[in-house]
Amino acid sequence: MFLRFLLPWIVCCSTGYVIAASPKEEATTAPPALQALADFPIGVAVPIDPWPNSLLKSSGRQALVERDFGSLTAENGMKMAYLRPAPGVFFFLYADALVAWAKQHGKVVHGHTLVWHKQLPEWLTKMEGDAETFRGLLQRHIRTVAGHFAGELVSWDVVNEAFTDDTPSTYRDTVWYRNIGPAYLELAYREARAADPHAELYYNDYDISGAIGPQKLGRILEMVDDFLARQVPIDGIGFQMHIDTDRPTLAQMREAFGKVVRRGLKVRISELDVSVNQDKKYPTLTPALEALQKQRYADVVRTYLETVPPKLRGGITVWGLTDGDSWIPGFKNRADWPLLFDAEYHAKPALDGFAEGLQSVQRP
Ligand code: XIL
């Protein structure tokens, strides 16, 4: 009798759900944790120190992460600008703290990102030198960073956003491309594999699951085919998927994932968020928008499961925990609510949509 009285309380507290729930939600049954519904990593991008909303300093965020997610990505903290404050200096303190927290809590960590044209240290953008100088720089960065985290991370975005949105899509004019030429891509993947032979190596990009997708994805797959033919190491493609409730269509997503699957490469949805205010029509998140967003999360997750076979599922990561943390309002200069939890850490209908998507296809 006594145990019957205590049991709901014990279950509730051991899931951690109650920590983040409002009094109204405490009375309801907690939905199953996302990570418990999948055989592949369900992840979230999180701010680390010294960002003010760092996961490491927020018990509210930690409770949500502990319950629903099995994989973590530093939203910014492993980008070159933050790991390389000065030419000869590598700074790992904050990124190491994330990796340690993840280990303590049984989460895996995905590295983002070794090579990109944005969030570079200022000293690098001002640097002058010949191709050899920049090759040396790139090699040293990858060797040191991937080497530092070797054995601790499950995967890396080795190169991020290397191709343009033009038709036809071509090499993006980056500090690496300008100074080294197209060979920087191959160099990056070879160095990453050498530095951490067990981490899976991804190429990551935006707008490749539809819209300008077919064009840019086609160019990326040319690179992939060339890599596969010449045994340059690459394990998968990351589809960022900063999408909205209208675009891309599910058929476009299916087609795009399918092209990667046919090559035997892994597919990650690496930065999922679903905007609802793309037309800037809404000052607040309405119940109708919440319902639309819930359906969209369910559809995207179901499409992933239907198109990507279990052994090629690299996982699905949402790009931020709460709507208060999302990069979309700042980047798109509008109000928006693209994530699974609201700014007060309450689960949104979108979370149920994600869970429904995961449950929509029979597990093997
Ligand atoms: C974004 C972060 O979310 C922001 O906080 C930051 O100001 C800019 O970068 N594609 C990527 C991510 O690969 O690294 C970007 O993250 C979002 C777009």
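Order of appearance sets the numbers: ligands from 1, and atoms from 1 within every ligand. Residues take their numbers from the sequence shown, with the count starting at 1.
Considering only non-hydrogen atoms, atom 7 (O) of ligand 1 lies nearest to Gln119 out of Lys79, Glu161, Gln119.
The shortest N or O to N or O distance between His112 and ligand 1 is under 3.5 Å. The N/O atoms of Trp327, backbone and side chain alike, include none that comes under 3.5 Å of an N/O atom in ligand 1.
For ligand 1, the atoms sitting less than 4.0 Å from at least one non-hydrogen atom of Asn160 are 11 (C), 13 (O), numbered in the order shown with element in parentheses.
Cation-pi geometry between Arg140 and Phe90 is not met: the NZ or CZ atom fails to fall both under 6.0 Å from the ring centre and inside 45° of the normal. In this structure, Lys216 satisfies the cation-pi test against Tyr206, with its NZ or CZ atom closer than 6.0 Å to the six-membered ring centre and inside 45 degrees of the ring normal.
Of the N and O atoms on the side chains of Gln119 and Tyr82, at least one donor lies less than 3.5 Å from an acceptor on the other residue.
Under 4.0 Å from ligand 1, not a single heavy atom of Thr113 appears. Under 4.0 angstrom from ligand 1, the non-hydrogen atoms of Trp319 all belong to its side chain. Counting heavy atoms closer than 4.0 Å to ligand 1, residue Lys118 contributes nothing at all. The side chain of Trp116, and not its backbone, has at least one atom closer than 4.0 Å to an atom of ligand 1 (non-hydrogen atoms only; side chain from C-beta on).
By the 30° and 60° cut-offs, the orientation of the rings of Tyr177 relative to Tyr171 is parallel. Using cut-offs of 30° and 60° for the angle between ring planes, the Phe149 and Phe92 rings count as perpendicular.
What sits closest to atom 11 (C) of ligand 1 on the protein, heavy atoms only, is Glu271 OE1, 3.1 Å.
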